[in-house]
Amino acid sequence: EAGVTQFPSHSVIEKGQTVTLRCDPISGHDNLYWYRRVMGKEIKFLLHFVKESKQDESGMPNNRFLAERTGGTYSTLKVQPAELEDSGVYFCASSQEPAGGYEQFFGPGTRLTVL
Amino acid sequence: AQSVAQPEDQVNVAEGNPLTVKCTYSVSGNPYLFWYVQYPNRGLQFLLKYITGDNLVKGSYGFEAEFNKSQTSFHLKKPSALVSDSALYFCAVRDTRGATNKLIFGTGTLLAVQP
């Protein structure tokens with residue numbers, strides 16, 4: 001079974017540019033989460049999809065961040081325009097709750113560097 | 001406030017010795033607790049969880065964790081450390097506020113096992 005995949009693995013952009021991160025969850029997982037780790041700090045929740053619906057976007061920093069999950073499959077997270085403080089590692093996770101036992105399966109992350 | 005604390009940024013242990021990585025939590029209601037490990041250039045990998053039942057939970061790679069409700073702790077343990085256990089370990093608790101199962105993470109503990 002394929003795991004959670006994320007693309008790209010690394011992205012280096014200039015301040016003010018736009019970047020789109022993609023996450024492909026494990027097939028059949030309805031729940032998809034985005035998290036971010038900034039500068040060696042704790043990993044923080046950004047938002048949660050159930051299928052194509054946003055269940056909780058309380059962790060989104062501001063309106064420069066836009067997440068979508070068209071058709072309830074893969075998800076994209078767009079940052080426009082990017083700022084220096086957006087640098088960090090963005091993780092995506094998927095789960096099947098509660099049947100799957102609540103653990104979330106994480107992708108390898110996208111390391112975003114804003115210069 | 002709901003939170004997770006990992007008081008040690010780094011734990012050093014000699015190969016073959018027992019290891020403990022500490023975690024305490026603060027959450028309302030019954031905690032769902034998780035340990036994840038991140039190897040270099042890899043994503044977060046699920047190790048084990050406590051949802052209910054026996055306070056001693058066994059997980060992958062010989063790791064175990066003990067849930068202690070009175071001390072609000074969920075320390076990760078292994079009887080005999082391997083050099084290959086060297087990695088970054090994250091403790092997490094399910095946020096009981098709201099309707100989603102988003103996770104609250106600690107800042108991570110770097111485990112260094114010396115040969």
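As the structure is a computational prediction, the values presented were derived from the model and not from experiment. Chain letters run A, B, ... following the sequence lines, proteins first and then strands; every chain starts at 1.
B:Glu64 meets the salt bridge (charged side-chain N to carboxylate O under 4.0 Å, His left out) test with B:Lys58; sequence neighbours excluded. With sequence neighbours left out, the side chain to side chain contact (heavy atoms under 4.5 Å, CB included) criterion links A:Val12 to A:Thr113, A:Leu115. A:Glu57 meets the side chain to side chain contact (heavy atoms under 4.5 Å, CB included) test with A:Leu47, A:Lys54, A:Met60; sequence neighbours excluded.
The 12-atom threshold is exceeded at CZ of A:Arg64, counting heavy atoms of other residues, nucleotides or ligands nearer than 6.0 Å. Annotation for B:Asn55: atom CG counts as buried by contact number, over 12 foreign heavy atoms lying within 6.0 Å.
Separating the CD atom in A:Glu42 from the OG atom in B:Ser3 is a distance of 9.5 Å, to the nearest 0.5 Å. Atom CZ of residue A:Phe105 and atom OH of residue B:Tyr36 lie 7.5 Å apart, to the nearest 0.5 angstrom.
A distance-only check finds no donor-acceptor pair linking the side chain of A:Tyr35 to the backbone of B:Lys102 [under 3.5 Å]. In terms of modelled atom types and a separation under 3.5 Å, the side chain of B:Arg94 and the main chain of A:Glu103 share no donor-acceptor contact.
Cluster annotation: B:Leu44 and B:Leu110 are assigned to the same hydrophobic cluster (Ile/Leu/Val/Met/Phe/Trp/Tyr, side-chain heavy-atom contacts under 4.5 Å, transitive). The hydrophobic cluster containing B:Val21 also contains B:Val57, counting ILVMFWY residues as joined when their side-chain heavy atoms lie under 4.5 angstrom apart, directly or transitively. At a threshold of 4.5 Å between side-chain heavy atoms, the hydrophobic network of Ile, Leu, Val, Met, Phe, Trp and Tyr places B:Leu19 and B:Val37 in one connected group. Following chains of ILVMFWY side-chain contacts shorter than 4.5 Å, one can reach B:Val11 starting from B:Tyr61, so the two form part of one hydrophobic cluster. Linking ILVMFWY residues whenever their side-chain heavy atoms come closer than 4.5 Å, directly or via other members, places B:Tyr89 and B:Val93 in the same cluster.
If you measure heavy-atom distances from A:Ser58 to chain B, the contacts under 4.5 Å come from the side chain alone. Neither the backbone nor the side chain of A:Arg111 comes within less than 4.5 Å of any heavy atom of chain B. For a residue to count as touching a neighbouring chain, one of its non-hydrogen atoms must lie under 4.5 Å from one of that chain's; by this rule B:Gln38 touches chain A with the side chain only. With a 4.5 Å cut-off on non-hydrogen atoms, A:Gln6 does not touch chain B at all. With a threshold of 4.5 angstrom between heavy atoms, B:Leu88 approaches chain A through side-chain atoms but not through N, CA, C or O.
Shown here for B:Thr100 and A:Gln55, the closest heavy-atom pair between the two residues is CG2-CB, 3.9 Å. Scanning all heavy atoms of the two residues, the minimum distance from B:Leu103 to A:Phe45 falls at O-CB, 4.3 Å.
Applying a 4.5 Å heavy-atom cutoff, none of the residues of residues 13-25 of chain A approach chain B.
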**OP:** Evaluate side chain to side chain contact (heavy atoms under 4.5 Å, CB included) for B:Phe90 paired with A:Arg37, printing each intermediate quantity in order.
**Re:** CA-CA 12 Å; B:Phe90 290 96; A:Arg37 188 176 192 227; 3.6 Å; yes

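Side chains of B:Phe46 and A:Gln104 form no contact here, defined as non-hydrogen atoms less than 4.5 Å apart.
The greatest number of non-hydrogen atom pairs below 4.5 Å with chain B, out of A:Pro108, A:Ser9, A:Gly59, A:Ser95, is found for A:Pro108. For the options B:Gly108, B:Ala92, B:Gly106, heavy-atom pairs under 4.5 Å to chain A are most numerous at B:Gly106.
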